[in-house]
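Here is the naming used below: chain letters follow the sequence lines, and residue numbers restart at 1 for every chain. Every value quoted in this text rests on a predicted model; they were computed, and no experiment measured them.
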Amino acid sequence: MNNKLSLSDILALDSLEAAPQLLGVLISRHLPQGLLSLRIVETEAYHQNDPASHSFRGITARTAPMFETGGTIYVYFTYGMHYCLNIVTGQKGAGEAVLIRAAEPLAGLEIMRKNRNTDDIYKLANGPAKLTQALGIKDTKLSGKKLNKSSIFLSAPENPIIAVDVVVARRIGISEAAQQPWRFYIKDNPFVSKLL
DNA sequence: TTCCCGATTGTA
DNA sequence: ACAATCGGGAAC
């Protein structure tokens, strides 16, 4: 792994390569109430040749953003009540994305506490739908928008994650048949979604 | 048009 | 362990 890659370089990678590289990267959102910022600590890779991926069956109205160029945002609605945020990676037409599963809150804590209705900092964004709640994402309007050209943007970390601190694990919430070790998280980080 | 189920979370 | 809750996509 190479931590000298720029963000745009990372977004151009295959999702399996990009997912671990996105650990430690800062994700932020500008809201009228203020700036929210978090450090990504857990990701999962999805790609077109992957039965568990929404892109597996091709382009639809919902999944079209997954087939856009790296840096596009893909937001989907699930379980009748939750939204999850993905960062599309790779080339246009590839159908790849990285699900942001958990992050460490850095700025805008009071706004996130209000959005999540909890004071526990460890529970603000330790799950994909908790993260979107913390960020105030309540619909799929951001899906198809570009990072850094919308309210959501990424920025390089001051202290990049080193490869030895990245743990590889099975994805969560995926049927057994499609299980693959395509989840990545920062070792011993207390803001990850689960301890397995 | 009908039916099944999910890249989850909070509560019992 | 399980209900909540509804849109997407496959099947009819």
Is any side-chain nitrogen or oxygen of [X] closer than 4.0 Å to OP1 or OP2 of [N]?
X        : N     : answer
A:Thr60  : C:dG9 : yes
A:Arg183 : B:dA7 : no
A:Arg101 : B:dA7 : no
A:His54  : B:dA7 : yes
A:Arg171 : B:dT8 : no

Item to complete: Take atom P in B:dT2 and the same atom in C:dT5, then report the distance between them in whole Å.
Response: 23 Å

Worksheet item: Which base, if any, makes a Watson-Crick or G-U wobble pair with C:dT5, both distances under 3.5 Å?
Response: none

Item to complete: Name the pairing partner of B:dA7, where a pair is Watson-Crick or G-U wobble with both distances under 3.5 Å, or state none.
Response: none

Taking atom [atom2] of [N] as reference, at what distance in whole Å does atom [atom1] of [X] sit?
X        : N      : atom1 : atom2 : result
A:Ile59  : C:dG8  : CD1   : P     : 16 Å
A:Asn126 : B:dG10 : CG    : P     : 8 Å
A:Glu42  : B:dT8  : CD    : C1'   : 13 Å
A:Asn86  : B:dT8  : CG    : C1'   : 14 Å
A:Asp139 : C:dG7  : CG    : P     : 13 Å
A:His82  : C:dT5  : NE2   : P     : 11 Å
A:Lys138 : C:dT5  : NZ    : C1'   : 18 Å
A:Tyr83  : C:dG7  : OH    : C1'   : 10 Å

Is it true that a side-chain atom of [X] and a backbone atom of [Y] form a donor plus acceptor pair closer than 3.5 Å?
X       : Y        : value
A:Gln33 : A:Ile111 : no
A:Asp14 : A:Gly90  : no
A:Glu96 : A:Gln48  : no

Assign [X] to base, sugar-phosphate, or nothing according to its heavy-atom contacts below 4.0 angstrom with the strands shown.
X        : answer
A:Leu99  : base
A:Ser175 : nothing
A:Arg57  : sugar-phosphate
A:Ala129 : sugar-phosphate

Worksheet item: Do NZ/NE/NH1/NH2 and the carboxylate oxygens of A:Glu44 and A:Arg101 come within less than 4.0 Å?
Response: yes

Worksheet entry | Within 6.0 angstrom of A:Asp120 CG, more than 12 heavy atoms from elsewhere | yes

Discussion item. Looking at C:dA4 and A:Tyr79: do their rings stack (centroid distance under 5.5 Å, interplanar angle under 30°)?
Written reply: no

Worksheet item: Given B:dA7, B:dT8, C:dG8, which nucleotide is nearest the side-chain atoms of A:Arg62?
Response: C:dG8

Discussion item. I want to verify a distance call: between C:dA4, B:dG10, B:dA7, whose nearest atom is closest to the A:Met81 side chain?
Written reply: C:dA4

Practice prompt. Take A:Tyr76 and A:Tyr83, measure what ring pair (Phe, Tyr, Trp, His ring centres under 6.0 Å) needs, and give me the verdict at the end.
Written response: CA-CA 6 Å; A:Tyr76 68 88; A:Tyr83 296 90; 8.9 Å; no

Worksheet item: Toward the 5' end of DNA chain B, which comes first, A:Phe77 or A:Lys123, by nearest nucleotide?
Response: A:Phe77

